[in-house]
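Just so we're on the same page: letters track the sequence lines, and every chain starts at 1.
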Amino acid sequence: MGSFDVISHCMTSVSMKDVSKYFDGGNTVANYRLNLDVADGEFLVMLGPSGCGKTTALRLIAGLEQPSDGAIYFGDERVNSRSPSDRNVAMVFQNYALYPHLTVAENIGYPLKVRGIPPDDRDRKVEEITELLHIEDQVDKKPGALSGGQRQRVALARAIVREPSVFLLDEPLSNLDAKLRQEMRIELKRLQNELDITTIYVTHNQEEAMSMADTVVVMNQGTIQQIAPPQELYKRPRTAWVARFIGSPPMNLFQGTRHNGSIDLGEAGTVELDGVMDADEAVVETANQDDASAASVLANSAQGDVAVGIRPEDLALSATQPSSGNVIEGTVDTIEPMGEYILVNISVNDQIVNAKVSEWTVSTDERVYLTFDDDDAYLYDDNGELVG
Amino acid sequence: MSLRDHIDGFTGDHKLGEDLNVDREKAIAIAVFLVPGLTLFMIFSVGPIVYSAIGSFYAWDTFTMQDFVGLDNWIRSLTDPLIIHWSNIREFQYPMGALTHNLLWVVVHVPASTFFGLALALLFADLKGRRILRSMVFAGFTVPPIVIGLVLMFIYDPQAGIFNELLRVLDQGQWVRNWTQSPQVAIYALIAGGIWVHTGFSMLLYSSALSAIDPSLIESAKVDGAGPWRRFWDIIWPLVKPVTAVVVIMGIIWVMRMFDIVYAAGGAAGGPNHAYSVLGIEVYRAAFRPEIDYGMAMVVALIQLFIVAPLALYIARMN
């Protein structure tokens, strides 16, 4: 793709300050005290399960909903009461929302027409954008005659043709098949790089989020769980909920009780705390105490419920009991050969634990020992906050 | 030819015969299933139409068919001032003839009820309590038209009528009159009542058409920068256009068949000196009131059919 000179950048940062949204007179809380900063040209992905309020958050930014509380800023300007068109946002809807009675060219040209751009300029821009998105052959068709992928491209074209300051996408790939989704993912990312428009993208698909985002916002039950770049999200999930949400399969969490310096995991065994706490940084952030040292957090309450988290890819498996290190004991439940790795599901304390291994060394119903490095273990307190 | 070929040929023929048998069985089954419906259709639709079409070319002694008279009934009916009153039309004086009155209904009632139906549907679309409001507006259409006619008589009553009372309250006493009996305005009074009734029907069709529009299309238009007016003309109107065809044609059919409201207000004469008579009234009077003119009744009924049938056909063939 060459340079696209139609788009002249007018980049905008977006921020939400304590934004809440209630429906039904306050009975339904869609969003609660969202705080979010999106930088100029950033690709931000809101990720969460369905019903977590991510789409409502996007609609608040679009101006299709008004916040019940808090303020939304575009740059330095408060935009709470501005209409979507005043905010100069463009949005791609999950079902594309193409106007069924207009041709592809008319659909793409519509935002320009509304803005009173002369037909000649309009046609030129539509031509450029359709070439950019490889739909120049479809311009005279009605949306009903297009395939899902083509409709997707038309929706994208309509959104970017008028040089929006913020580009909003609501699950834009969820109606496509897996192969097409992968292709569009790459293309979208490239398009965003090229146009350098501030982009907010909503999805429930973590693969999409991780692969495209500069920053991922993980949401659950109307609140933000964590804001981090994809790698950090994977490396340091701040809450047990995020840990369980990110990764495929997600992190294994073992519930246990802390006894001065070690964690009792019931039948599965005991894990020495020292190692876990020494690993990584000694300084962690918790909800109540920023930058408190891990040791002091633990010292505050020498006993209590905790969860130890280990990613499936960090677990090693052996049929014989290792002499030292962190060991968890369980029984092999099922084995799923996935090709690039083998997924072993192990029953530990009536909980299924996933381990990704490269070689098939165990068999079903066998008693096995799971080992892991101190560095790979995460420790969550009884509020689900990461402490180590 | 070998024996084998004979056998092949034979079985081939046999197979062909079997196929025919299957087709025949199907055809018989289809025919059997069609019998009840077709019978009723013949007796109540095709029969009377054919009977009228033939009868319209014959002279009648009350209900007895007499001699073939060619186009006599047709010429007599179409030149009858009760059907088309040319000199009054030129002076815009009522009565102008039943056919003219019917066409006036079409020209005034149909656009008005279509417009109000769409306006109410749009107004109610995002309102709380829209179901109740819709039901209230639609209720008028569920009432038998003869009752509507009687209700209109009450509304327009010179003494007790709410319409005249309203004029008095608004200090417009000079307008107070017996609306349904004043030849030059009565037809508009009745058309106004018809519009009220039929608006409910149009509104209901438009409401369902509006609710079928994907809300994200409207939101997309908002994001694209279209204001309410543009959203209506560019998005909503094109998408409810097919329904408009149905609403308009159903409206035309409804007013071409108009009888009850006019009968309730003006009796079999269709108002004082036939001031707002319609074709339905003329058919009724020609057929059942002395002097009985069966030939004319058939002709007028066929004229109604000629106007309504193509419209009905168009609706039936719409996608």
Quick check on [X]: does its [atom1] atom have over 12 non-hydrogen neighbours (other residues, nucleotides or ligands) under 6.0 Å away?
X	atom1	result
Asp126(B)	CG	no
Phe138(B)	CZ	yes
Phe41(B)	CZ	no
Asn27(A)	CG	yes
Leu123(B)	CG	yes
Met250(B)	CE	no
Leu34(B)	CG	yes
Tyr188(B)	OH	yes

Checklist outcome for this item: CG of Leu98(A) to CG of Asp214(B), rounded to nearest 0.5 Å, is 10.5 Å
Checklist entry - How long is the gap from CD1 on Ile235(B) to NE2 on His101(A), to the nearest 0.5 Å? => result 4.5 Å
Next on the checklist: Just so I understand: if I count every heavy-atom pair under 4.5 Å between each of Gln94(A), Arg158(A), Arg87(A) and chain B, which residue has the most?
Outcome noted: Arg158(A)
Which answer fits [X], side chain, backbone, both or neither, if we ask what part of it has an atom under 4.5 Å from a heavy atom of chain B?
X	result
Leu168(A)	neither
Phe93(A)	side chain
Arg59(A)	side chain

Checklist entry - Do Tyr110(A) and Arg230(B) pass the side-chain contact (heavy atoms from CB on, under 4.5 Å) test, and can you show the C-alpha distance, the side-chain angles, and the key distance before you say yes or no? => result CA-CA 11 Å; Tyr110(A) 186 69; Arg230(B) 283 215 83 121; 4.3 Å; yes
Checklist entry - Where the side chain of Tyr99(A) meets the backbone of Ala221(B), is there a donor-acceptor pair that is under 3.5 Å apart? => result yes
Please name the pair of heavy atoms, one in [X] and one in [Y], separated by the smallest distance, quoted to 0.1 Å.
X	Y	value
Gly225(B)	Ser85(A)	CA-CB, 3.2 Å
Val223(B)	Arg162(A)	O-NH2, 2.8 Å
Lys222(B)	Pro84(A)	O-CB, 4.1 Å

Checklist entry - Leu217(B) versus Pro100(A): any side-chain heavy-atom pair under 4.5 Å? => result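 A side-chain contact exists here, since the closest heavy-atom pair is under 4.5 Å.
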Item to check | Leu239(B), part contacting chain A, at a heavy-atom distance under 4.5 Å | outcome: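 For Leu239(B), the side chain is the part near chain A, not the backbone.
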